[in-house]
Engineer: 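Supplied in structure tokens, the structure appears directly below.
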Amino acid sequence: HNNLQGADYYGKRLQTQKDLQTNACLAPTKPVPPFIREALKKVHPEVSDKYYGCGLVVPECLEGCRILDLGSGSGRDCYMLSQLVGENGHVTGIDMTEGQLEVARTYIDYHMKEFGFKKPNVDYVQGYIEALTEAGLPKNSYDIVISNCVVNLSPDKKRVLAEAYNVLKDGGELYFSDVYSSARLPEEIKTHKVLWGECLGGALWWKDLLQLADEVGFSPPRLVTASIITVDNKELQDILGDFKFVSATYRLFKIPKGNDKTCQTIYNGGITGAESSFQFDCHYTFKANEVVEVDAEVASILTHSRFTENFTCQPPGGSSTSCGAKPKVSVSFKFLDVKLSGF
């Protein structure tokens with residue numbers, strides 16, 4: 001039901017971003033690095049104009065990666081990412097809306113020529129984000145799954161997470177931006193057509209994300225950035241009452257469970273756009289060649305994911321230059337209590 005409603009809202013009612021009534025689907029996350037701005041400039045204007053997403057969802061360390069974009073729309077992010085993964089990488093976009101896919105596919109050759117690639121490293125698949133394997137996407141085949149303000153449009157969020165988990169390789173990452181609520185939403189908000197289409201009605205209570213991720217098998221979600229959403233529409237605000245919303249980006253990894261060893265780690269540099277400093281999440285920013293003590297969870301991620309080659313890890317106690325970073329608090333959204341008062 002929600003999927004059909006979405007196809008109608010995004011396919012017919014929204015012609016450009018100006019038709020949106022809140023900033024939920026356009027919420028900023030963090031400043032866009034110059035190399036990503038340059039990549040976006042090479043995307044065909046029609047693709048960019050027909051694209052709806054909240055901020056920009058670009059994880060680090062992408063060269064040669066296979067990426068899946070959930071709800072890829074007209075393909076703006078796919079074409080931007082295809083430049084960043086390079087000719088040896090690959091980007092797949094999946095979307096349920098035929099009109100959006102048509103725009104995306106029309107410009108494959110245009111972009112490959114623009115980027116100087118001999119063969120396309122992008123393809124588009126029609127299907128539902130709750131049914132990735134059914135849409136023909138192979139299991140254990142992607143390094144990264146990204147999504148931009150799309151998971152909340154699904155009525156079955158656990159299934160979306162489970163499908164993403166299935167198509168990720170071991171060590172792979174789900175990196176996604178979405179809208180979260182300060183408490184579980186009642187039916188009258190969930191079923192309100194405009195609130196739903198604006199990414200608010202389908203928002204997950206942030207604590208439920210932690211629960212669902214654990215049930216599916218992911219490592220605990222790491223909060224990267226978050227910003228408060230404003231609703232510039234009195235009628236909608238009255239319906240929402242005391243519920244507050246944030247746009248937040250999380251990273252979840254498909255790594256072995258049960259690692260309980262902290263470690264001292266040194267970032268060796270070398271990640272494009274983060275050569276001297278790499279913000280892993282809201283708790284850890286790694287400066288090149290500095291020793292940082294990380295909690296067991298992050299230690300496990302850094303040793304089992306694509307970041308392995310960029311870090312040198314050693315057991316704690318071996319160095320006097322450790323900056324002694326404290327392990328993170330158990331609920332990462334505590335960050336919001338400090339940064340975004342009132343949530």
Side-chain angles (χ1 to χ4, degrees), residues 1-17 19-20 24-26 43 46-57 66-82 90-108 122-139 141-142 144-168 174-179 190-204 212 216 247:
H1 163 69
N2 277 13
N3 277 329
L4 294 174
Q5 209 170 288
D8 184 55
Y9 193 82
Y10 289 97
K12 298 185 185 130
R13 290 198 41 196
L14 294 179
Q15 295 304 315
T16 72
Q17 291 181 347
D19 296 334
L20 293 166
C25 293
L26 302 170
V43 177
E46 189 183 350
V47 169
S48 295
D49 289 348
K50 294 235 161 94
Y51 177 85
Y52 319 106
C54 49
L56 205 56
V57 181
R66 290 183 62 81
I67 300 180
L68 173 64
D69 182 4
L70 303 181
S72 53
S74 60
R76 184 200 71 174
D77 284 2
C78 288
Y79 287 124
M80 175 261 293
L81 290 164
S82 83
H90 189 85
V91 181
T92 298
I94 185 167
D95 203 274
M96 65 183 179
T97 316
E98 189 52 58
Q100 291 276 70
L101 288 169
E102 214 173 290
V103 175
R105 287 181 179 135
T106 301
Y107 293 102
I108 290 179
V122 181
D123 70 325
Y124 295 97
V125 173
Q126 183 169 21
Y128 296 106
I129 61 174
E130 304 88 349
L132 301 179
T133 37
E134 213 176 287
L137 301 177
K139 291 185 177 182
S141 59
Y142 291 97
I144 307 163
V145 174
I146 64 161
S147 144
N148 189 343
C149 208
V150 170
V151 176
N152 72 71
L153 299 175
S154 169
D156 191 347
K157 294 172 177 62
K158 182 174 178 179
R159 218 174 131 199
V160 175
L161 294 179
E163 286 285 292
Y165 188 88
N166 285 338
V167 300
L168 280 170
L174 170 59
Y175 184 95
F176 75 114
S177 176
D178 221 317
V179 177
K190 282 185 178 178
T191 53
H192 190 285
K193 279 187 181 179
V194 174
L195 287 173
W196 184 85
E198 294 280 333
C199 300
L200 299 177
L204 199 58
L212 293 180
V216 164
S247 172

Engineer: Looking only at heavy atoms, what is the nearest atom pair of S147 and D69, with distance?
Structural biologist: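 Minimum heavy-atom contact is CA-OD1, 4.4 Å.
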
Engineer: Is it the case that the side chains of N148 and S177 hold a donor-acceptor pair, with the cut-off being a distance below 3.5 Å and no angle test?
Structural biologist: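 Short answer, no.
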
Engineer: Once rounded to the nearest 0.5 Å, what's the spacing between atom CD of E198 and atom NE2 of H192?
Structural biologist: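 Reported value, rounded in 0.5 Å steps: 10.5 Å.
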
Engineer: Just by distance, do the side chain of R76 and the backbone of V43 share a donor-acceptor pair under 3.5 Å?
Structural biologist: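 No, the answer is negative, given that no donor and acceptor are paired below the 3.5 Å cut-off.
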
Engineer: For the side chain of E130 and the backbone of R159, is there at least one donor-acceptor N/O pair under 3.5 Å apart?
Structural biologist: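 Checked: no pair found.
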
Engineer: Which residue in the set I146, I144, V122, V57 passes side chain to side chain contact (heavy atoms under 4.5 Å, CB included) when paired with L81?
Structural biologist: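 Result: among I146, I144, V122, V57, I146 is the only option passing the side chain to side chain contact (heavy atoms under 4.5 Å, CB included) with L81.
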
Engineer: Among V160, L204, L200, D178, find the residue that satisfies the side chain to side chain contact (heavy atoms under 4.5 Å, CB included) test when tested with N152.
Structural biologist: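 Among V160, L204, L200, D178, the one meeting side chain to side chain contact (heavy atoms under 4.5 Å, CB included) with N152 is D178.
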
Engineer: Below 4.5 Å, heavy atoms only, C-beta onward: do E163 and T133 meet side chain to side chain?
Structural biologist: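 Side chain of E163 against side chain of T133, heavy atoms only: contact under 4.5 Å found.
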
Engineer: Between D95 and G73, is there a donor-acceptor pair closer than 3.5 Å when you use the side chain of the first and the backbone of the second?
Structural biologist: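 Yes; judged by distance alone, with no hydrogens or angles, the pair exists.
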
Engineer: Apply the side chain to side chain contact (heavy atoms under 4.5 Å, CB included) test between L161 and each candidate in I129, V145, V216, D156; give the one that qualifies.
Structural biologist: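 Exactly one candidate clears the test, V216.
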
Engineer: Roughly how far, to the nearest 0.5 Å, is CG of L101 from CE of M96?
Structural biologist: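 Reported value, rounded in 0.5 Å steps: 10.5 Å.
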
Engineer: Working to the nearest 0.5 Å, report the span between CG of N166 and NZ of K139.
Structural biologist: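 N166 CG to K139 NZ: 5.0 Å, rounded to 0.5 Å.
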
Engineer: Heavy-atom count check: over 12 atoms from other residues, nucleotides or ligands less than 6.0 Å from E98 CD?
Structural biologist: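 More than 12 within 6.0 Å, yes.
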
Engineer: Using every non-hydrogen atom in the two residues, find where S141 and P138 come nearest and quote the distance to one decimal.
Structural biologist: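 So the minimum-distance heavy-atom pair works out to OG-O, 2.6 Å.
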
Engineer: Keeping the roles fixed (side chain from Y142, backbone from A164), state whether a donor-acceptor pair exists under 3.5 Å.
Structural biologist: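 Judged by distance alone, no pair lies under 3.5 Å.
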
Engineer: So do Y124 and I108 actually touch side chain to side chain, heavy atoms under 4.5 Å?
Structural biologist: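 A side-chain contact under 4.5 Å exists here.
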
Engineer: If you measure from OG on S82 to NE2 on H90, what distance do you get to the nearest 0.5 Å?
Structural biologist: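 Rounded to the nearest 0.5 Å, the OG-NE2 separation comes to 10.0 Å.
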
Engineer: Can you name the closest pair of heavy atoms from S72 and Y51 and give their distance?
Structural biologist: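 Between these two residues, the closest heavy atoms are O-CE1, 4.1 Å.
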
Engineer: Show the nearest heavy-atom pair for residues W196 and G202, with the distance to one decimal.
Structural biologist: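 Closest heavy-atom pair between W196 and G202: CD1-N, 3.9 Å.
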
Engineer: Can you tell me how far apart OG1 (T97) and CD (Q126) are? Round to the nearest 0.5 Å.
Structural biologist: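 If I round to the nearest 0.5 Å, the distance is 8.0 Å.
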
Engineer: Tell me the closest heavy-atom pair linking Y79 and Y107, and the distance in Å.
Structural biologist: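 Residues Y79 and Y107, closest heavy atoms: OH-C, 3.4 Å.
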
Engineer: Taking side chain to side chain contact (heavy atoms under 4.5 Å, CB included) as the criterion, tell me which of L137, L174, L168 meets it with L68.
Structural biologist: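 Among the candidates, only L137 passes.
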
